[in-house]
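One structure below.
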Amino acid sequence: MYSAAPLEQAAALRRALLHWFQEAARDLPWRRTSDPYRIWLSEVILQQTRVDQGLPYYERFVETFPDARALADAPLDKVLKLWEGLGYYTRARNLHRAAQVVRDDFGGAPPKTAELLQMLPGIGRYTAAAIASIAYGEPVAVVDGNVKRVLSRLFNVETSIDDTATDKELWRLANLLLSRKHPGDFNQAMMELGARICTPRTPDCAGCPVADFCQARKHGVETERPIRSAKKPPGLKDLVVAVVRRDGQYLLVKRPEEGLLGGLWEFPSFETRPGQSHQQVLEAGCKTGLKLPVKPGGMVSAVSHAYTHFKVTMTVYRCTPLNGKDPKPSEHTEFTWAARSEFEAFAFPKAVHKFIGLLD
DNA sequence: AACGCGGGGAA
DNA sequence: TTCCCAGCGTT
């Protein structure tokens with residue numbers, strides 16, 4: 001349930017918002033270009049990622065891959081390496097695949113409508129509308145996390161924004177409110193407002209250009225919007241990590257392409273249950289999982305890392321191989337031996353970087 | 001409709 | 001600590 005009152009003053013609201021954006025907009029590199037490829041690149045990098053965090057990655061990608069063709073022609077491992085540390089690595093894989101589709105099926109330039117853009121991997125409803133409105137001026141609204149918060153306050157939405165019906169309604173409201181004349185600026189203004197003024201905990205209503213239109217503010221409940229559904233607490237996981245060194249080189253394994261940290265490299269690791277000895281898990285894991293018997297040695301470090309859905313503690317041990325043979329990991333797991341000086345070519349998860357500096 | 005998927009900065 | 005970010009794809 002919500003109030004539709006802001007729609008009756010939509011024209012004035014748009015005017016105030018666009019005027020504010022013109023004055024207060026941050027000077028960001030993707031706002032200085034009309035290149036659809038760069039707009040696209042920025043939008044993918046910024047999915048679930050703050051501007052400050054994505055900015056340096058955007059700069060490096062533009063430098064390294066100046067157009068879709070350069071990105072499409074690059075090996076995936078190089079793209080993943082450039083993406084290293086940014087998280088949600090499926091984005092990098094999909095971006096790379098989409099660039100190849102653009103190269104092969106669209107003559108090197110991204111398609112020009114939201115409907116067509118959404119057919120590319122990694123481009124959903126939000127990203128398609130963002131590219132189409134900003135790069136091509138198509139009158140389609142965007143709804144991201146910022147816009148959801150802004151709209152739920154403007155209209156005093158009293159149902160959970162995690163509910164599908166509410167989500168659908170927010171998209172409808174966004175399109176009703178949209179400036180048909182300046183859709184790109186309007187969309188960016190809504191997101192900018194959410195990021196800078198209409199923040200989650202302590203919104204700056206005094207500095208808000210559209211405070212007069214805000215129904216949540218009118219009822220004094222702005223800090224209680226949006227309403228979110230309860231989420232389940234993260235689980236815990238304990239891993240032991242085997243740093244196997246042979247002739248000055250370390251054994252690295254590549255994670256499966258799908259799933260958590262897909263395509264990244266790491267040291268062999270095994271989950272431990274409470275009560276199990278780390279040495280025993282390491283010995284058994286290396287013997288059965290890698291077909292490489294080892295003798296566990298001293299601990300390198302114990303690091304913890306928080307993911308979205310669980311927390312992991314990793315206890316890292318040096319291990320000595322008991323024979324000179326190569327491992328035979330189960331299934332199609334790729335492995336390699338690499339010296340520390342060669343690590344810079346591999347994309348590692350952040351958790352690995354937490355102890356990699358301690359190795360010789 | 002629900003869930004998996006990273007990492008970091010703000011409060 | 002907790003929250004949540006210019007979301008998407010799979011099941």
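In what follows, chains carry the letters A, B, and so on, assigned in the order in which the sequence lines appear, proteins first and then strands, with residues in each chain numbered from 1. The analysis underlying the following values was restricted to heavy atoms, covering all of them including side chains, and did not include hydrogens, waters or symmetry mates. Everything numeric here is computed off the predicted structure, so don't read it as measured data.
- Separation of the A:F343 and A:W265 ring centroids does not fall under the 6.0 Å cut-off.
- With salt bridges taken as basic N to acidic carboxylate O contacts below 4.0 Å, none links A:E222 and A:R153.
- Among residues at least two apart or in separate chains, side-chain hydrogen bond (donor to acceptor under 3.5 Å, both in side chains) pairs with a member in residues 114-126 of chain A are A:E43-A:Y126.
- A search for salt bridge (charged side-chain N to carboxylate O under 4.0 Å, His left out) contacts involving A:R91 returns nothing, not counting sequence neighbours.
- Distance, A:Y126 OH to C:dC4 P: 19 Å, rounded to whole Å.
- Listed by residue number, A:Q48, A:T49, A:R50, A:Q53 are the residues of residues 29-56 of chain A with a heavy-atom contact under 4.0 Å to DNA chain B.
- Contacts with DNA chain B (heavy atom under 4.0 Å) in residues 71-88 of chain A: A:G85, A:L86, A:G87, A:Y88, listed by number.
- One can place CG of A:D162 at 14 Å from C1' of C:dC5, the figure rounded to the nearest angstrom.
- One finds a salt bridge joining A:R32 and A:D27 here, because a Lys/Arg side-chain nitrogen approaches an Asp/Glu carboxylate oxygen to under 4.0 Å.
- The aromatic rings of A:Y307 and A:H305 lie perpendicular to each other, with more than 60° between the two planes, well past the 30° mark.
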If you restrict it to nitrogen or oxygen atoms, what contacts under 3.5 Å exist between nucleotides 9-11 of chain C and the protein, and what is each distance?
| residue | atom | partner | partner atom | Å |
| --- | --- | --- | --- | --- |
| C:dG9 | OP1 | A:G122 | N | 2.4 |

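- For A:H353, the NE2 atom counts as densely surrounded, since its 6.0 Å shell holds more than 12 non-hydrogen atoms of other residues, nucleotides or ligands.
- Mapped onto DNA chain B by nearest heavy atom, A:A165 and A:K232 fall at different nucleotides, with A:A165 at the one closer to the 5' end.
- Contacts between residues 345-358 of chain A and DNA chain B, defined by a heavy-atom separation under 4.0 Å, are made by A:P349, A:K350.
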Would you give me the side-chain donor-acceptor pairs under 3.5 Å for residues 248-256 of chain A, sequence neighbours excluded?
| residue | atom | partner | partner atom | Å |
| --- | --- | --- | --- | --- |
| A:Y250 | OH | A:D360 | N | 3.4 |
| A:Y250 | OH | A:D360 | O | 3.2 |
| A:K254 | NZ | A:D77 | OD1 | 3.4 |
| A:R255 | NE | A:L260 | O | 2.9 |
| A:R255 | NH1 | A:E266 | OE1 | 3.2 |
| A:R255 | NH1 | A:E266 | OE2 | 3.2 |
| A:R255 | NH2 | A:L260 | O | 3.1 |

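- Put simply, CG on A:N187 is 13 Å from P on C:dG7, counting in whole angstrom units.
- Scanning residues 140-160 of chain A for heavy-atom distances under 4.0 Å to DNA chain C yields A:D144, A:G145, A:N146, A:R149.
- Residue A:Y57 contributes atom OH, which lies 17 Å from atom C1' of C:dA6 at whole-angstrom precision.
- A donor-acceptor pair shorter than 3.5 Å cannot be found between the side chains of A:W40 and A:D35.
- Counted by atom type alone, A:T127 and A:Q47 present one or more donor-acceptor pairs between their side chains at under 3.5 Å.
- Between A:I134 atom CD1 and C:dA6 atom C1' the separation is 8 Å, expressed in whole Å.
- Looking at A:D238 and A:T313, their side chains do bring a donor and an acceptor atom within 3.5 Å of each other.
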N/O donor-acceptor pairs under 3.5 Å from side chains in residues 176-195 of chain A, not counting sequence neighbours:
| residue | atom | partner | partner atom | Å |
| --- | --- | --- | --- | --- |
| A:S179 | OG | A:K181 | N | 3.4 |
| A:S179 | OG | A:H182 | N | 2.9 |
| A:N187 | OD1 | A:V142 | N | 3.2 |
| A:N187 | ND2 | A:S133 | OG | 3.0 |
| A:N187 | ND2 | A:V140 | O | 3.0 |
| A:N187 | ND2 | A:P183 | O | 3.3 |
| A:Q188 | OE1 | A:R31 | NE | 2.9 |
| A:E192 | OE1 | A:R26 | NE | 3.4 |
| A:E192 | OE1 | A:R26 | NH2 | 3.1 |
| A:E192 | OE1 | A:R31 | NH1 | 3.3 |
| A:E192 | OE1 | A:R31 | NH2 | 2.8 |
| A:E192 | OE2 | A:R26 | N | 3.1 |
| A:E192 | OE2 | A:R26 | NE | 3.0 |
| A:E192 | OE2 | A:R196 | NH1 | 2.7 |

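- Annotation: side chain of A:K218 is in contact with side chain of A:Q215 (closest heavy-atom distance under 4.5 Å).
- Of the P atoms belonging to C:dA6 and B:dA11, the separation is 13 Å, rounded to the nearest Å.
- Taking the six-membered ring where the residue is Trp, A:F267 and A:F348 present parallel rings, their angle staying beneath 30° rather than reaching 60°.
- As rounded to the nearest Å, C:dC8 and B:dG9 have P atoms that lie 23 Å from one another.
- Taking every heavy atom of residues 302-310 of chain A and every atom of DNA chain B, pairs under 4.0 Å involve A:H305, A:Y307, A:T308, A:H309, by number.
- Here the CG-OG1 distance, from A:L170 to A:T159, works out to 7.5 Å after rounding to the nearest 0.5 Å.
- For A:R273 and A:E271, the salt-bridge test passes: some basic side-chain N is under 4.0 Å from an acidic carboxylate O.
- Residue A:L95 contributes atom CG, which lies 16 Å from atom P of C:dG7 at whole-angstrom precision.
- Checked by atom type, the side-chain pair A:E169/A:Y2 shows a donor-acceptor distance below 3.5 Å.
- Following rounding to the nearest Å, A:W171 (CH2) and C:dG7 (P) show an atom-to-atom distance of 10 Å.
- In this structure, the side chains of A:S42 and A:F61 stay at 4.5 Å or more apart for every pair of heavy atoms.
- The neighbour count for A:K354 NZ, taken as heavy atoms of other residues, nucleotides or ligands under 6.0 Å away, is above 12.
- Nearest-nucleotide mapping onto DNA chain B: of A:G259 and A:T202, the residue sitting toward the 5' end is A:G259.
- Crowding of A:Q22 atom CD: a count of heavy atoms from other residues, nucleotides or ligands under 6.0 Å not exceeding 12.
- Boundaries of the chain A contact region on DNA chain B are B:dA1 to B:dG9, first to last in 5' to 3' order (nucleotide atom under 4.0 Å from a heavy atom).
- Rounded to a whole Å, the CZ atom of A:R26 is 14 Å from the P atom of C:dC5.
- A side-chain hydrogen bond (donor to acceptor under 3.5 Å, both in side chains) check over residues 276-291 of chain A, counting only residues at least two apart or in different chains, returns the pairs A:H278-A:Y317.
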